[in-house]
Amino acid sequence: MASSEIPTCRWGIITTGLISSWFVDDLVLPRPDAKARHVIQAIGTSSLDKARAFAAKHLALAATQPALYASYDEVYADPDVDCVYIGTPHGFHKRDCLAAIAAGKNVLCEKAFTLNAREAREVFDAARAKGVYVAEAMWLRHRPMVADLRRLLYGEGGGPKAIGDVFRATADFQMYIDMKALPATSRYKNLELGAGSLLDIGIYSLTWGILMLDPQPPSAPEDPKIMAAQSFVDGIEVTTSVILQYPSSGRQGLILSTTERRGAKPGVIVTIDGTDGFVEVQGNVPSHPEAFTVYPKWEDGADKPQGKRYDYKQAAQGFIYEADNTALDLAAGRKESSIMPWSETIRVMEIMDEIRRQGGTKYPQDE
Ligand SMILES: NC(=O)c1ccc[n+]([C@@H]2O[C@H](COP(=O)([O-])OP(=O)(O)OC[C@H]3O[C@@H](n4cnc5c(N)ncnc54)[C@H](OP(=O)(O)O)[C@@H]3O)[C@@H](O)[C@H]2O)c1
C-alpha cells in the first residue's frame with residue numbers, strides 16, 4: 001500500500017517525561033512497513049523550556065515541528081490534534097483523560113489506565129457520552145509476538161498446540177529503584193500518584209498471565225481466583241506476588257513484581273509450561289520481550305532439549321504497534337480498541353483492585 005493511502009494520526013503529546021520520549025522516539029523512526037503515518041502535532045507540558053528541550057532532543061529529524069504549549073489544556077483545544085497521548089503519572093490519568101474527553105479529543109492513555117476500576121468506568125462513561133475514542137496504551141498486547149505465541153500455544157485456526165495443554169505461566173518484572181535517593185514527590189514514592197510496583201510494572205506480569213492463560217476465543221474471558229501478598233518499605237509497596245487460578249482449567253499464573261532487585265538483562269522474563277513442552281520468553285523486562293523459544297518436553301535425566309527460537313528484535317522499542325492500531329481504529333471510526341477494549345481494561349483494574357485489597361495497598365483515590 002502506498003504511504004499516501006495509509007491513515008495519518010496527528011498526536012498531541014501530554015508531558016515531556018520518560019514514557020512520552022520513548023513513544024515519540026518510536027513514532028518518528030522511518031519504517032517501510034508502517035500501517036499509519038504519525039505526526040507529532042503538539043506537545044503539552046508544565047513549561048515551555050521543557051517543551052523546547054523535548055522537541056530539540058526527540059523531534060529534530062521530524063518532517064514537521066509540533067506546536068509547543070506550556071499547558072495540557074492548549075493541546076486539548078488544538079483543532080489539529082486527532083488524538084491525545086497521556087503520559088502523566090497514573091494518579092493523574094483520570095483527571096487528564098476526562099479533560100481531553102470534555103474537549104472532544106480521542107485519547108490513548110498510558111498504563112495503569114487509572115488507579116482503580118471505579119475511575120476507569122468513570123472515564124469510559126465520559127467517552128461514551130462524548131462519542132470519542134479512548135484506549136489504554138498497553139503496548140505489550142499489540143506486539144505481533146504475543147499474537148504469534150498465542151496461535152502456537154493454542155493452535156488457533158486448527159493448528160497443533162506447540163506444548164500440549166498449557167497448565168502454568170510465570171512472569172516476573174524486576175527493576176531496582178533506589179527509593180531513598182528519590183524525593184518524596186517522586187511518582188515512585190507518592191501514593192496520590194499511584195506509587196507501588198503492581199500498577200507500575202506488575203501490570204505487565206499480570207498481562208502476560210492473562211494473555212497466556214485465558215481461555216482462547218470463542219469462549220469469554222474467565223475471572224481467575226486470586227491469592228496475593230504485598231510487602232512495603234516506608235508505606236510503599238515494593239514487592240507483589242500473586243497466584244492466579246482459572247476455575248475451568250486449573251491453570252495457574254505466578255505473577256511477580258519487585259522494585260527491590262535488578263533482573264538479568266537480557267534474561268528469561270516469562271515461562272509457559274505445557275504437558276508436552278515449555279516456552280521461555282527472553283528480553284530485558286516483561287514489557288520489552290525480544291524473542292521466545294519453544295522447547296519439547298524435558299525428559300527426566302536428560303539435558304535441556306533443543307528449542308526453536310523466534311526472534312522479534314528490531315530498531316523501534318515497540319510503541320509503533322499500539323500507535324498504528326490506534327490510527328487504524330480512528331480511521332475506521334471505532335471508539336474502542338479490539339486489542340484492549342474497555343471491558344478488558346476494567347477487568348485488569350478489578351484484578352489489581354483485588355490484589356491490592358488482599359495485599360494492603362490503599363490509594364487516597366480509593367476512598
Ligand atoms: N508503557 C511503558 O512501558 C511505560 C514505561 C514507563 C512509564 N509508563 C507509564 O507512564 C506514566 C508516566 O511515567 P514516566 O516514567 O514517563 O514518568 P516521568 O518520567 O516522571 O514523567 C511524568 C511526567 O508527568 C508530568 N507531571 C505532571 N505532574 C507531575 C507530578 N506531580 N509528578 C511527576 N510528574 C508530573 C511531568 O511532565 P511535564 O512537566 O512535561 O508536564 C513529568 O515529566 C505512568 O503512568 C507510567 O506507569 C509506561
Side-chain angles (χ1 to χ4, degrees), residues 12-27 40 42-58 66 68-76 84-97 99-100 107-116 119-120 123 135-143 173 175 177 182-208 237 257 259 269 283-289 316-323 326 340 345 348-349 352 363-365:
I13 306 293
I14 297 299
T15 93
T16 55
L18 177 71
I19 193 62
S20 297
S21 70
W22 288 359
F23 185 73
V24 164
D25 283 348
D26 259 19
L27 263 55
I40 308 301
I43 310 281
T45 169
S46 53
S47 87
L48 267 187
D49 283 348
K50 279 175 119 177
R52 286 192 199 102
F54 185 92
K57 185 167 176 193
H58 300 285
L68 305 180
Y69 298 121
S71 76
Y72 303 163
D73 284 344
E74 287 167 283
V75 174
Y76 309 147
V84 170
Y85 170 82
I86 292 178
T88 47
H90 19 283
F92 292 142
H93 288 176
K94 183 186 103 168
R95 178 199 72 184
D96 299 330
C97 283
V107 174
L108 180 66
C109 177
E110 262 310 322
K111 48 53 63 179
F113 185 68
T114 48
L115 289 189
N116 56 42
E119 287 193 342
V123 172
E136 177 182 358
M138 180 37 83
W139 60 316
L140 173 60
R141 293 192 184 233
H142 293 262
R143 287 179 181 272
F173 201 132
M175 174 172 82
I177 299 178
L182 293 174
T185 50
S186 161
R187 76 175 183 87
Y188 294 113
K189 285 174 103 162
N190 184 340
L191 285 173
E192 291 210 12
L193 301 186
S197 83
L198 176 64
L199 269 63
D200 199 41
I201 54 176
I203 189 171
Y204 287 109
S205 305
L206 175 60
T207 298
W208 272 109
E237 177 265 303
S257 61
T259 50
I269 48 177
N284 286 334
V285 284
S287 56
H288 286 65
Q317 288 208 59
F319 295 95
I320 46 176
Y321 305 117
E322 67 177 4
T326 303
M340 196 60 196
T345 289
V348 169
M349 293 309 311
M352 295 201 299
Y363 294 119
Q365 291 90 332

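Order of appearance sets the numbers: ligands from 1, and atoms from 1 within every ligand. As the structure is a computational prediction, the values presented were derived from the model and not from experiment.
The side-chain tip of R141 does not point at the ring of W139 from less than 6.0 angstrom away and within 45° of straight on.
Among G87, G318, P183, the residue whose heavy atom sits closest to atom 22 (C) of ligand 1 is G87. Of the listed options Q317, R187, M138, R187 places a heavy atom closest to atom 17 (O) of ligand 1.
Considering only non-hydrogen protein atoms, atom 27 (C) of ligand 1 sits nearest to Y72 OH, 3.4 Å. Protein heavy atom nearest atom 34 (N) of ligand 1, with residue, atom name and distance: P89 CG, 3.6 Å. Protein heavy atom in closest approach to atom 2 (C) of ligand 1: Y204 OH, 3.0 Å. At the top of the distance list for atom 18 (P) of ligand 1, counting protein heavy atoms only, stands L18 N, 4.1 Å.
Taking a cut-off of under 4.0 Å to the non-hydrogen atoms of L193, the atoms of ligand 1 that pass are 32 (N). Counting atoms of ligand 1 from 1 in the listed order, those under 4.0 Å from a heavy atom of H90 are 44 (C), 45 (O), 46 (C), 47 (O). For ligand 1, the atoms sitting less than 4.0 Å from at least one non-hydrogen atom of G17 are 16 (O), 19 (O), 21 (O), 43 (O), numbered in the order shown with element in parentheses. The distance from ligand 1 to the heavy atoms of T88 drops below 4.0 Å at these ligand atoms: 11 (C), 12 (C), 24 (O), 44 (C), 45 (O). Listed by number with element, the atoms of ligand 1 under 4.0 Å from a non-hydrogen atom of H93 are 45 (O). Remark: ligand 1 atoms within the under-4.0 Å shell around heavy atoms of F92 are 28 (N), 29 (C), 30 (C), 31 (N). Counting the atoms of ligand 1 from 1 in the order shown, those under 4.0 Å from a heavy atom of W139 are 1 (N), 2 (C), 3 (O).
Residues passing the side chain to side chain donor-acceptor pair (under 3.5 Å) test with T16: none are found, sequence neighbours excluded. Residues passing the ring pair (Phe, Tyr, Trp, His ring centres under 6.0 Å) test with F23 are W11, Y85, sequence neighbours excluded.
At least one N/O-N/O distance between E110 and ligand 1 falls below 3.5 Å. Ligand 1 has an N or O atom lying under 3.5 Å from an N or O atom of I19, backbone or side chain. For ligand 1, the polar-atom distance check against K111 finds a nitrogen or oxygen pair separated by under 3.5 Å. Here's the thing with T45: one of its N/O atoms is less than 3.5 angstrom from an N/O atom of ligand 1. The shortest N or O to N or O distance between T15 and ligand 1 is not under 3.5 Å. For T185, no nitrogen or oxygen atom sits less than 3.5 Å from a nitrogen or oxygen atom of ligand 1, counting backbone and side chain alike. Geometrically, ligand 1 and A137 share no nitrogen or oxygen pair separated by less than 3.5 Å.
If you look at D200 next to ligand 1, the close heavy atoms, those under 4.0 Å, all belong to the side chain. When non-hydrogen atoms are compared, ligand 1 lies under 4.0 Å from neither the backbone nor the side chain of F113. Contact annotation for K50 and ligand 1: only side-chain heavy atoms (C-beta onward) come within less than 4.0 Å of the ligand. Neither the backbone nor the side chain of L199 has a heavy atom within less than 4.0 Å of ligand 1.
With hydrogens and angles disregarded, a donor-acceptor distance shorter than 3.5 Å links the side chain of K189 to the backbone of L182. Judged purely by atom type and a 3.5 angstrom limit, D96 has no side-chain atom pairing as donor or acceptor with the backbone of I86. With H93 contributing its side chain and L115 its backbone, the two residues share no donor-acceptor pair below 3.5 Å.
To the nearest 0.5 Å, atoms CG (L108) and CD (E136) are separated by 9.5 Å. Going from atom NE2 of H90 over to atom CG of N116 covers 12.0 Å, rounded to the nearest 0.5 Å.
Between I269 and V285, the closest heavy-atom pair is CD1-O, 3.3 Å.
Not less than 6.0 angstrom separates the ring centroid of W22 from the ring centroid of H58.
Between T15 and T45 the shortest side-chain heavy-atom distance does not fall below 4.5 Å. Put simply, the side chain of Y69 does not reach to within 4.5 Å of the side chain of I43, judged on heavy atoms. Between T207 and K111 the shortest side-chain heavy-atom distance does not fall below 4.5 Å. V84 places a side-chain heavy atom less than 4.5 Å from the side chain of I14. For the pair V123/F113, a side-chain contact is recorded, criterion being any heavy-atom separation below 4.5 Å from C-beta on.
Contact between F54 and ligand 1 is absent, with no heavy atom of the residue lying under 4.0 Å from the ligand. The shortest heavy-atom distance from F23 to ligand 1 is not under 4.0 Å.
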